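Take a look at the structure below.
Remember, it's a predicted structure, so these values are computed and weren't measured experimentally. As a basis for the values below, the full set of heavy atoms in this structure was taken, side chains included, without hydrogen atoms, waters or symmetry mates.
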Amino acid sequence: MMRSLVYALCIAAVVGLAFWAYGEGYETRATEREVAQLEREIGARHQELSMLRAEWAYLNRPDRLHALAEMNFERLGLMPLAPDHFALADQVAYPPPQIVLPIRPRVNAEVLEQEIDGIVVMNHVFGADAEPRMIAPPTLADDGEQLP
């Protein structure tokens with residue numbers, strides 16, 4: 001009795017796995033057809049892109065642009081380039097930058113260490129008058145990765 005039940009379950013499992021494998025085969029073939037179609041589209045886009053680049057290079061030939069500029073010189077109101085049309089970057093009048101310093105109250109490092117656990121208080125190396133900075137220890141995300 002028990003042996004026939006195990007045989008029946010094994011046969012049912014084999015039949016179920018056969019149907020599953022049959023379905024996976026069809027899905028795999030469909031995915032392969034989609035990938036082949038996408039590869040054909042990518043190839044067509046690459047051909048189109050190379051054709052557009054060649055056309056762009058053809059239209060931007062210096063002799064062609066020079067002829068167009070000469071032909072439309074008066075209508076466009078173009079001026080011939082001269083050496084005095086250029087300037088140095090130092091001659092450009094940029095507005096001076098406005099520096100806004102935040103006003104912060106002085107922080108006592110000993111009080112911070114007592115009140116906040118797990119925070120490291122550090123001073124800048126380059127200034128004796130520098131106020132302490134708070135640096136939190138690194139935290140880990142749920143998946144174990146370190147957060148920035």
Side-chain angles (χ1 to χ4, degrees), residues 9-148:
L9 287 176
C10 286
I11 291 172
V14 167
V15 169
L17 287 173
F19 276 114
W20 173 79
Y22 190 71
E24 288 296 315
Y26 271 106
E27 286 183 32
T28 302
R29 286 188 204 112
T31 304
E32 286 175 349
R33 282 192 297 271
E34 288 177 21
V35 168
Q37 176 63 30
L38 287 174
E39 286 175 348
R40 283 191 297 272
E41 286 182 25
I42 289 171
R45 297 295 175 255
H46 278 292
Q47 272 187 327
E48 184 180 346
L49 184 60
S50 64
M51 185 182 67
L52 289 172
R53 283 184 177 148
E55 187 175 334
W56 180 258
Y58 177 76
L59 291 175
N60 282 322
R61 291 183 333 268
D63 56 335
R64 178 183 173 275
L65 294 178
H66 182 72
L68 284 174
E70 297 245 341
M71 192 169 42
N72 297 308
F73 188 78
E74 292 179 15
R75 190 174 60 131
L76 295 175
L78 298 175
M79 295 175 33
L81 285 178
D84 60 335
H85 289 163
F86 300 96
L88 298 174
D90 299 341
Q91 296 172 332
V92 177
Y94 291 110
Q98 296 182 358
I99 300 174
V100 178
L101 297 175
I103 300 173
R104 293 189 227 157
R106 298 293 278 169
V107 178
N108 187 350
E110 295 172 6
V111 173
L112 278 177
E113 286 178 7
Q114 293 171 357
E115 291 181 0
I116 303 173
D117 187 31
I119 303 290
V120 178
V121 178
M122 298 176 63
N123 282 334
H124 289 286
V125 177
F126 51 85
D129 296 340
E131 60 186 66
R133 302 276 184 189
M134 293 187 296
I135 301 174
T139 56
L140 297 178
D142 294 336
D143 60 355
E145 292 279 330
Q146 183 173 340
L147 296 174

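With salt bridges taken as basic N to acidic carboxylate O contacts below 4.0 Å, one links Glu48 and Arg45.
One finds the CG atom of Leu59 at 10.5 Å from the CG atom of Leu52 (value rounded to the nearest 0.5 Å). Distance check, rounded to the nearest 0.5 Å: CG of Leu38 to CZ of Arg33 gives 13.5 Å.
Leu65 and Asn60 make their closest contact through CD1-O, 3.8 Å (heavy atoms, listed as atom of the first residue, atom of the second, distance).
With a 6.0 Å radius and a threshold of 12 heavy atoms from other residues, nucleotides or ligands, Glu24 has its CD atom above the threshold. The number of heavy-atom neighbours closer than 6.0 Å to CD of Glu74, taken from other residues, nucleotides and ligands shown, is 12 or below. When the shell of 6.0 Å around CD of Gln47 is examined, it contains 12 or fewer heavy atoms from other residues, nucleotides or ligands. By the neighbour-count criterion of 12 heavy atoms within 6.0 Å, atom CZ of Arg61 is densely surrounded, having more than that number from other residues, nucleotides or ligands.
Under the ring pair (Phe, Tyr, Trp, His ring centres under 6.0 Å) criterion, no residue pair touches residues 58-78, with sequence neighbours excluded.
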